[in-house]
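Structure first, commentary second.
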Amino acid sequence: MSELVNFPQISEIPDDLRSCIPLHQREYLVNGELKSWNGEVQEVYSPVYFKSGDSYNNLIGSYPFMGAKESLEALDAAVNAFDKGKGEWPKMSVAGRIDCMRNFASELKKRRSAIVNLLMLEIGKTRKDSETEVDRTVDYILDTIEALKELDRNSSKFTITQGVIAQVRRAPLGVTLCMGPFNYPLNETYTTLIPALIMGCTVIFKPPKLGVLLHQPILEAFQKSFPKGVVNTVYGDGKSVITPLMQSGQIDVLAFIGSSHVADTLKKLHPKPHRLRSLLGLEAKNPAIILPDADLTVAVNECTEGALSYNGQRCTALKIIFVHESVADKFLDLFNKKIAALKCGMPWDEGVNITPLPEDNKSDYLNSLVQDAVSKGAKIINDGGGRFDKSFFYPTVLYPVNQTMKAYHEEQFGPVIPVLSFKDISEPLAYIEDSNYGQQASIFGSDTTFLSNLLDTLVNQVCRVNLNSKCQRGPDVLPFTGRKDSAEGTLSVSDALRGFSIRTLVAVKDTDLNKQIVSDILKDRKSTFLNTDFIL
Ligand code: G3H
């Protein structure tokens, strides 16, 4: 058997990457200070195994492994910076917060190449996708600034009704705990952290278990851009560092992207759950449905990208494919050819598509899904499917899959693609209705009457129906959410601003004295809340 993928010697990797490691991070940001850590550390291993003689070494660094004490120190800093709404940050003008955020965006841009290199090394994301992740995050910040200006402009007016004059604006919710996922450790963490900050919340930020070191170059950018205590970091095992935060009852917003099981556990730790606002991005198993009249070239291209970009490690990935029996053979033939043309390699290899997986024992898990399906009658139908070597797993198409198999139900989050054929549309619909998930679906076809009927049904089961295209989150101005176990709350550039804030208003009875008071406050710009400033 030919070698599946060539794990390199450390001397063979590009210089810019080699010079980043080992990175032994010893600093953490609390209360505006970059403190130095002397305690226990967590070692970081790359999904890329570096050949060293006859063995391999993939240790690339380490980071502070904190405990409850440090976590509560971060909480204190965030609570004090919010100061029950009296803090500098929550009381700062919107224009002032926008200036800080703009400064942060430019600091982030300066660190682009360091972050890109660490994304490749820590989570095995291709160079192209790593660059996109950083650029998309900078764009997200700039779009968020524009969305806040728009929101603020719309709130600059007064409402006069039934003898009451009022100005309605949005005010920050308070102390926010932000935790993102390993697959988009920068982007998805920041799609909650940025709106939370810009709305005036103070933040405790815990990087995901994988994808930690890439945040190290950004600590100084946070420190430079925001008042002390507004951004604080904690590192370590979730149970030890997150449990005391939630149990304190002082977390006002939980922004978490991960599993529903962990989200439920965290929410239950809060002593007054009704006080906790949660914004959650959770599991999904988005299906593709290929109808008899689909353009198969489009369907194959979109399903390949949908199922295999970043090796299928996207919450929006296509994780099961239903293909009409009349076109199943043709679809599978084209699909297999397309997969065979994908380039396997290391994240920095030019034009690479499939790369090593960062999660511990992931190949064993994916192999167990494959073996389970094969033992129950499915076949591996693509050349080379089912092979793996350490952290590298070759894309594997399983057909025909049925409901007795784990691959039919479980969110594989990797390059295993379960496919089944159907006779009648009621079959994939039953799958979607019975599923625990309700994020998105992709449908491929061209009969507008049939498609209309299908999408009218699907919009009541999922939160985005993609016509003749893969599932995806972007563009980030569109709402991103899900039903059932897939999400709580909605994230988009503008929705997220609402997620971390609450409407609050100043109201006065329409009397001469009150009108005079309001006019004086406005004229002399005495209040940051009650004002008619129009931010350009
Ligand atoms: O992991 C889930 C991400 O939100 C997916 O984003 O569709 O842009 O890859 P994406």
Side-chain angles (χ1 to χ4, degrees), residues 119 122-141 143-144 178-195 207-211 214 255-260 262-263 279-288 301-320 347 353-355 357-359 362 410-415 437-442 462-493 495-496 499:
L119 277 166
E122 269 191 284
I123 61 159
K125 191 169 271 194
T126 65
R127 187 185 288 278
K128 188 165 158 275
D129 287 351
S130 298
E131 287 171 349
T132 304
E133 178 157 353
V134 181
D135 297 341
R136 179 179 176 182
T137 306
V138 173
D139 289 345
Y140 191 91
I141 299 175
D143 289 348
T144 298
C178 284
M179 289 187 284
F182 85 81
N183 61 334
Y184 282 92
L186 181 80
N187 183 260
E188 288 226 299
T189 308
Y190 282 40
T191 57
T192 61
L193 196 145
I194 296 302
K209 198 167 164 201
L210 307 164
L214 64 100
F256 172 74
I257 301 183
S259 78
S260 58
V262 173
L279 283 162
L280 310 174
L282 306 169
E283 310 90 292
K285 185 138 173 125
N286 294 337
N301 290 343
E302 293 289 323
C303 285
T304 307
E305 251 207 68
L308 290 173
S309 59
Y310 189 36
N311 313 309
Q313 301 168 113
R314 294 160 58 238
C315 62
T316 47
L318 289 173
K319 297 193 180 105
I320 188 160
N353 303 104
I354 306 294
T355 54
L357 310 172
E359 285 178 286
K362 188 65 188 237
E410 291 182 20
E411 184 186 20
Q412 64 272 39
F413 222 76
Y437 312 117
Q439 192 198 63
Q440 301 190 14
S442 290
V462 298
C463 287
R464 173 162 165 167
V465 179
N466 301 280
L467 267 183
N468 292 321
S469 87
K470 66 179 175 143
C471 295
Q472 63 182 48
R473 174 180 175 143
D476 290 326
V477 290
L478 296 177
F480 178 56
T481 185
R483 298 166 185 268
K484 299 190 251 186
D485 295 351
S486 286
E488 182 174 337
T490 301
L491 292 171
S492 73
V493 168
D495 286 305

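One is the number of the first residue; the rest follow in order along the sequence. Every number for a ligand or one of its atoms is a count from 1 in the order of the listing.
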Using heavy atoms and a threshold below 4.0 Å, how should the contact between [X] and ligand 1 be classified: side chain, backbone, both, or neither?
X: Y184; value: side chain
X: R136; value: side chain
X: I257; value: neither

Option set E133, E188, Q313, criterion heavy-atom distance to atom 4 (O) of ligand 1, minimum = E188
Is there side-chain contact between T490 and F480, with heavy atoms separated by less than 4.5 Å?
-> no
Among side-chain atoms of [X] and [Y], is any donor-acceptor pair under 3.5 angstrom?
X: N183; Y: Q313; result: no
X: S260; Y: E283; result: yes
X: T355; Y: N311; result: yes

In terms of atom number and element, which parts of ligand 1 are under 4.0 angstrom from non-hydrogen atoms of Q472?
-> 7 (O)
In ligand 1, the atoms that come under 4.0 Å of a heavy atom of F480 are 4 (O)
For [atom], find the nearest protein heavy atom and state the residue, atom name and distance (0.1 Å precision).
atom: atom 5 (C) of ligand 1; answer: T316 OG1, 3.1 Å
atom: atom 2 (C) of ligand 1; answer: C315 SG, 2.2 Å
atom: atom 6 (O) of ligand 1; answer: R473 CB, 3.3 Å

Could you tell me whether K319 sits above the aromatic face of Y437, with NZ or CZ closer than 6.0 angstrom to the six-membered ring centre and within 45 degrees of the axis?
-> no
Without swapping roles, check the side chain of K285 against the backbone of E410 for a donor-acceptor pair under 3.5 Å.
-> yes
Within a reach of under 6.0 Å around NZ of K209, are more than 12 heavy atoms found that belong to other residues, nucleotides or ligands?
-> no
